[in-house]
Protein chains: 4
Amino acid sequence: MSESSQKSRKVVVRKAPSQSRSKEKVQNILAAAKSLLASEGLEKLTTNRIAKLAGLSIGSLYQYFPNKQAIIHQLYSDWLQSVRELLREYQASDLEGETPVSIMQTMMDQIYRPHDLDPEESRYEAELNKAMHLYPELQAIDHRHARQIAGILADILRKTGVVATDDVLFQLGLYSYELYGSYEAMLQHEGTSPGLIYEWQKQGLFSIIESYTKK
Amino acid sequence: MSESSQKSRKVVVRKAPSQSRSKEKVQNILAAAKSLLASEGLEKLTTNRIAKLAGLSIGSLYQYFPNKQAIIHQLYSDWLQSVRELLREYQASDLEGETPVSIMQTMMDQIYRPHDLDPEESRYEAELNKAMHLYPELQAIDHRHARQIAGILADILRKTGVVATDDVLFQLGLYSYELYGSYEAMLQHEGTSPGLIYEWQKQGLFSIIESYTKK
Amino acid sequence: MSESSQKSRKVVVRKAPSQSRSKEKVQNILAAAKSLLASEGLEKLTTNRIAKLAGLSIGSLYQYFPNKQAIIHQLYSDWLQSVRELLREYQASDLEGETPVSIMQTMMDQIYRPHDLDPEESRYEAELNKAMHLYPELQAIDHRHARQIAGILADILRKTGVVATDDVLFQLGLYSYELYGSYEAMLQHEGTSPGLIYEWQKQGLFSIIESYTKK
Amino acid sequence: MSESSQKSRKVVVRKAPSQSRSKEKVQNILAAAKSLLASEGLEKLTTNRIAKLAGLSIGSLYQYFPNKQAIIHQLYSDWLQSVRELLREYQASDLEGETPVSIMQTMMDQIYRPHDLDPEESRYEAELNKAMHLYPELQAIDHRHARQIAGILADILRKTGVVATDDVLFQLGLYSYELYGSYEAMLQHEGTSPGLIYEWQKQGLFSIIESYTKK
DNA sequence: AATGAATGAGGATTCATTCAT
DNA sequence: AATGAATGAATCCTCATTCAT
């Protein structure tokens with residue numbers, strides 16, 4: 001199960017199977033944008049460069065996306081969706097016998113792992129996050145997604161025994177989700193040790209969660 | 001994205017602010033940039049607007065700063081310095097009787113407080129952080145400062161009883177410092193409760209610190 | 001989504017032409033735009049060509065006008081103002097002994113004349129009119145000016161003995177003004193004889209006016 | 001201004017609409033263009049939108065029309081033809097007992113009427129007129145048509161008793177025709193009263209015609 | 001014949017930076 | 001030293017038209 005959901009994390013690739021030519025082009029564009037974001041950063045992300053890297057003309061690019069923001073939004077949205085889907089699997093799964101800490105640990109292991117394996121992925125997500133802040137219009141979407149994720153996390157926490165008001169549960173979900181964002185940010189700094197930070201993040205979060213758990 | 005046309009540039013102050021007249025102009029420029037950053041965000045931060053708000057000509061601005069990056073760098077550097085100085089005071093103070101947690105609590109209260117009191121300050125620091133990420137050249141400087149702060153924190157932690165290798169101590173300092181950055185980021189999201197987040201940040205960090213403390 | 005990016009635009013002059021240098025540049029730009037409009041038509045009127053013909057860079061052009069519309073608006077506004085001022089002189093003058101027809105005849109002779117003398121002027125005004133229709137935002141201004149002119153004409157007609165309700169007087173003023181627009185349009189057609197058309201325009205208008213005059 | 005990239009082009013129909021299938025497609029295209037012109041204006045009239053609304057592909061559209069201008073030309077040409085045919089009926093009819101004024105009155109009532117009944121038609125013709133001015137190549141064709149119509153009108157006027165040289169008669173025909181164009185333009189302005197304008201147009205024209213009539 | 005994806009020149013606009021005065 | 005007009009490369013985006021399938 002952990003294997004299959006590992007795959008479902010990469011929604012971008014999952015959609016790739018060439019159902020239609022359109023879908024493939026869209027994927028090319030997204031892949032190009034992702035690649036530029038990871039390799040050169042947000043500053044160098046121009047529509048013309050994306051088109052060139054995707055192997056099509058600028059005009060074609062605009063046949064698939066109405067504007068630059070839409071590309072970034074899709075990238076971000078895809079990523080958020082993959083996280084949401086992963087969390088939903090856990091939410092829907094049999095949580096019998098799981099403690100809040102045990103389930104969070106499992107989920108974090110799965111979500112944080114790619115950063116250790118692939119620094120590109122790490123840079124990519126950090127740049128994506130940056131971009132999100134630069135386009136105010138996209139923040140609303142970000143918030144909506146974030147709230148959904150927070151809701152799922154809150155539900156999982158509640159089901160596994162965390163006792164708190166709905167609002168605190170929701171805040172806890174939001175906090176957990178945003179903690180992941182800060183993890184990404186930290187990895188961008190040189191000199192930080194991913195392993196240690198990961199452990200500390202878990203330890204800190206678990207300490208908080210446990211304080212809301214009935215004994 | 002106006003920042004995309006940036007090239008490698010020197011980021012040092014062009015003119016040592018030795019004369020008081022000069023010092024004043026430099027301060028005006030920095031204050032204007034800070035104000036614009038806090039009120040309108042990074043996207044609206046143009047050199048022309050800074051000059052206008054600072055009450056001098058764009059030509060004069062370039063007599064005090066070689067380029068836009070240098071202004072942002074100075075702003076960031078000033079902020080880091082204030083943090084460093086604050087921490088150095090603690091470092092130099094009599095830490096007798098303090099536990100790692102007690103001293104961290106004191107320092108965090110002092111550093112985090114402005115965000116509760118002044119949302120402008122919060123926005124300002126978040127935008128500053130964004131800018132830092134957008135100018136790759138500035139990141140190296142950021143890292144140097146961060147390492148200094150981490151070193152101070154490591155020293156304080158060691159003096160107050162944290163037991164770990166030098167490297168782990170340093171990582172712990174770095175982690176503590178970066179946790180603050182993530183706090184700023186979280187506050188930018190709607191729907192988050194500053195009070196709760198602050199408490200959780202502390203609780204998480206203290207939990208980690210305590211695990212490195214001899215009993 | 002791309003459709004929605006249309007925004008209201010300011011159509012005022014960005015920089016008050018208070019200093020003579022500025023004034024001169026503004027005039028250069030307007031003259032260049034006018035010249036292009038007259039010689040090549042609206043299709044070839046691009047900001048870059050205006051700048052080049054005006055002898056300055058595209059960047060400079062945008063220091064004097066916030067956008068292309070503003071240039072066209074200024075051109076149109078200037079022309080309307082000259083007409084308004086001319087009419088106001090008549091309005092303020094001693095109309096004793098004048099009949100509606102005699103005063104209209106005098107004014108029309110003065111306003112229509114440039115077309116006979118200068119075909120460039122004729123083409124220019126026709127293109128300007130075309131442009132006005134292409135920019136919806138400018139139509140509101142057009143209407144406001146038109147109403148002012150209509151008001152002045154109505155006043156002149158009333159003072160010189162036309163008897164009608166205020167509304168009809170106003171409509172008559174509007175009609176007289178718009179008749180001039182149609183004169184411009186007709187001149188653009190080959191094979192038309194300006195002299196005849198002018199006489200007919202007058203004859204038609206006078207016939208209408210006289211039917212509202214007490215005998 | 002998308003039209004600015006236009007170059008000299010043939011404006012004839014590429015394919016004679018001899019087969020009924022073809023004829024239908026051509027009509028679909030023209031109807032779509034007309035509809036877009038009336039509802040959204042010239043600026044929003046793109047070949048791709050026309051094709052979509054006509055229910056065929058952009059490629060097919062270009063099988064029936066060599067370029068965008070040709071479509072507009074056909075639209076304009078069709079409209080002119082309908083006017084021509086209407087006038088020809090009068091020209092061919094028994095004009096015994098008709099005065100120039102009575103016959104013009106009858107014709108104008110018939111031609112002007114649609115504007116009162118259908119504001120869409122009014123907008124359509126105004127946009128068509130605008131388009132005509134934007135494509136210099138089309139003006140020559142416009143003039144040819146206009147001359148034909150002027151010739152018919154001149155003939156009708158002569159037959160019903162207007163006495164003037166052939167040239168003046170022709171000019172009078174042209175003037176009458178163009179007066180209609182100005183009527184359309186006036187209707188686009190807010191605040192004008194169609195009824196009054198119509199009456200005034202007639203009154204003005206009749207006054208001119210009568211001055212060329214033997215008593 | 002039909003399709004519609006692909007093209008890319010061209011347009012409006014911005015803004016960091018320079019330099020003549 | 002101070003000024004601020006001037007620069008122009010660079011960016012996002014449009015749309016008439018073509019052509020491989």
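Note that these values count all heavy atoms, side chains included, but never hydrogens, waters or copies made by symmetry. Convention: sequence-line order gives letters A, B, ...; per-chain numbering from 1.
Whole-Å rounding puts the D/Tyr62 OH to F/dT17 P distance at 4 Å. Protein atom NE2 of D/His73 is 19 Å distant from nucleotide atom P of F/dA16, rounded to whole Å. Residue D/Asn48 contributes atom CG, which lies 14 Å from atom P of E/dT3 at whole-angstrom precision. Taking atom NZ on C/Lys68 and atom C1' on E/dG10, their separation rounds to 12 Å, with Å as the unit.
Nucleic acid contact for A/Leu56: sugar-phosphate only, since backbone atoms but no base atoms lie under 4.0 Å from a heavy atom of the residue.
For the OP1/OP2 pair of F/dC15 and a distance below 4.0 Å, the side-chain nitrogens and oxygens of D/Lys44 include no atom meeting the criterion.
Nearest nucleotide to the side chain of A/Gln63, out of E/dA16, E/dT7, F/dC13: E/dT7. Closest approach to the A/Thr47 side chain among F/dC13, E/dA6, E/dA2 is made by F/dC13 (side chain taken as heavy atoms from C-beta onward). Considering only the side chain of A/Tyr64, E/dA5 comes nearest among F/dA5, E/dA5, E/dT17. Distance from the side chain of B/Ser57 is smallest for F/dT3 among the nucleotides E/dA6, F/dT3, F/dA5. Checking F/dT7, E/dG11, E/dT13 against the side-chain heavy atoms of C/Ser60 singles out F/dT7 as nearest. Taking the side chain of A/Asn67 as heavy atoms from C-beta on, and the options F/dA2, F/dT17, F/dC13, the nearest nucleotide is F/dC13.
Between D/Leu30 and D/Ile71, the closest heavy-atom pair is CD2-O, 3.9 Å.
With B/Arg123 as reference, B/Glu127 is the one residue of B/Glu125, B/Glu120, B/Glu127 to meet the side chain to side chain donor-acceptor pair (under 3.5 Å) rule.
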Yes or no on side-chain contact (heavy atoms from CB on, under 4.5 Å) for A/Leu36 and A/Arg49, after CA distance, side-chain angles and deciding distance?
CA-CA 8 Å; A/Leu36 278 172; A/Arg49 295 191 67 177; 3.9 Å; yes
How is the base pairing of DNA chain E summarised as a dot-bracket string, given the Watson-Crick and G-U wobble criteria with both distances under 3.5 Å, [ ] for crossing and | for another strand?
.||||||||||||||||||||
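Side-chain contact of A/Asp78 with A/Gln74: a donor-acceptor pair under 3.5 Å is present, judged by distance alone.
Relative to the six-membered ring of A/Tyr64, A/Lys25 misses at least one condition, a distance below 6.0 Å or an angle of at most 45° to the axis.
A distance-only check finds a donor-acceptor pair linking the side chain of A/Lys68 to the backbone of A/Leu45 [under 3.5 Å].
For B/Lys130, the NZ atom counts as densely surrounded, since its 6.0 Å shell holds more than 12 non-hydrogen atoms of other residues, nucleotides or ligands.
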